[in-house]
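Here the structure is laid out as structure tokens; the discussion comes afterwards.
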Amino acid sequence: MQRDTKQRDAIRQVFHTHDAPLLPGEVLRLAQRAVPSLSLATVYRTLSAFARENLLRVVALPAEPPRYEKADKHHHHHFVCRQCQRVYEVHACAGDVQRMVPDGFQMDAHEITLYGVCADCALP
Ligand SMILES: [Zn+2]
Ligand SMILES: [Zn+2]
């Protein structure tokens with residue numbers, strides 16, 4: 001029980017300090033700094049539990065394994081670097097996406113994913 005709480009806290013802490021959608025393997029690596037004995041199975045189990053408790057949200061990008069981010073973030077999109085595969089948050093929106101909706105349709109959400117090369121990878 002005590003050990004469980006420590007693991008949960010370590011995983012939760014990762015999302016407070018890393019403001020990007022994370023893969024379970026990345027969460028494992030970062031949380032192991034606090035709890036070296038942490039296993040990938042525990043990370044998967046805890047991430048699913050956090051998602052059920054609405055602490056985390058699953059970020060499902062096309063052709064990418066699911067990542068997790070904090071559920072209480074405001075509206076944002078993602079940039080996928082084709083070189084390093086990292087996913088960044090983009091705090092901007094396309095503007096009037098409502099214009100794209102055909103007459104008679106009612107939109108309640110939208111997903112926009114940007115692809116390219118991140119600033120780190122673009123350096124010569
Ligand atoms: Zn990159
Ligand atoms: Zn948007």
Side-chain angles (χ1 to χ4, degrees):
M1 197 66 218
Q2 198 68 35
R3 192 162 150 263
D4 261 35
T5 309
K6 208 175 150 200
Q7 293 178 334
R8 277 177 64 101
D9 285 351
I11 292 170
R12 198 196 307 249
Q13 193 56 38
V14 165
F15 286 93
H16 283 300
T17 47
H18 289 79
D19 212 18
L22 299 171
L23 293 166
E26 295 174 315
V27 174
L28 175 68
R29 191 169 46 79
L30 294 164
Q32 272 179 337
R33 291 176 192 167
V35 183
S37 64
L38 195 64
S39 72
L40 189 57
T42 300
V43 169
Y44 271 106
R45 192 155 24 83
T46 307
L47 291 176
S48 305
F50 283 169
R52 279 196 306 276
E53 294 163 29
N54 285 320
L55 294 170
L56 294 180
R57 173 167 58 202
V58 178
V59 179
L61 298 170
E64 293 275 333
R67 294 165 197 262
Y68 292 82
E69 68 182 9
K70 283 202 286 179
D72 59 1
K73 288 176 173 298
H74 53 75
H75 185 77
H76 66 279
H77 295 288
H78 295 110
F79 186 107
V80 180
C81 176
R82 293 192 193 275
Q83 213 135 55
C84 66
Q85 318 301 335
R86 267 186 289 178
V87 176
Y88 297 84
E89 278 184 23
V90 177
H91 294 282
C93 192
D96 191 8
V97 286
Q98 187 63 41
R99 256 181 324 143
M100 299 163 66
V101 181
D103 282 347
F105 287 61
Q106 292 182 1
M107 176 181 67
D108 61 22
H110 66 263
E111 302 274 351
I112 298 171
T113 307
L114 309 179
Y115 293 88
V117 177
C118 75
D120 283 352
C121 293
L123 288 175

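As the structure lists them, so they are numbered: ligands from 1, and atoms in each ligand from 1.
Inside a sphere of radius 2.8 Å centred on the Zn ion (ligand 1), the protein N/O/S atoms present are Cys81 SG, Cys84 SG, Cys118 SG, Cys121 SG.
Nearest heavy atoms, Pro21 versus Glu89: CD-CG, 4.4 Å. Here the closest non-hydrogen pair linking Leu38 and Gln32 is O-NE2, 3.0 Å. What you find for Cys121 and Cys81 is that their closest heavy atoms are SG-SG, 3.8 Å. Considering all non-hydrogen atoms of both residues, Leu28 and Leu40 come closest at CD1-N, 3.9 Å.
By the neighbour-count criterion of 12 heavy atoms within 6.0 Å, atom CE of Met100 is sparsely surrounded, having that number or fewer from other residues, nucleotides or ligands.
Not counting sequence neighbours, the partners of His75 by the ring-ring contact (aromatic ring centres under 6.0 Å, His included) test are His77, His110.
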Step by step, would you call His76 with Glu69 a side-chain hydrogen bond (donor to acceptor under 3.5 Å, both in side chains)? CA-CA 12 Å; His76 66 279; Glu69 68 182 9; 3.1 Å; yes

Going through the distances and angles, do Tyr68 and Val59 end up as a side-chain contact (heavy atoms from CB on, under 4.5 Å)? CA-CA 6 Å; Tyr68 292 82; Val59 179; over 6 Å; no

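Of all protein atoms, those of element N, O or S that lie under 2.8 Å from the Zn ion (ligand 2) number 4.
Among residue pairs with one or both ends in residues 32-53, those qualifying as salt bridge (Lys or Arg N to Asp or Glu O under 4.0 Å) are Arg8-Glu53; sequence neighbours excluded.
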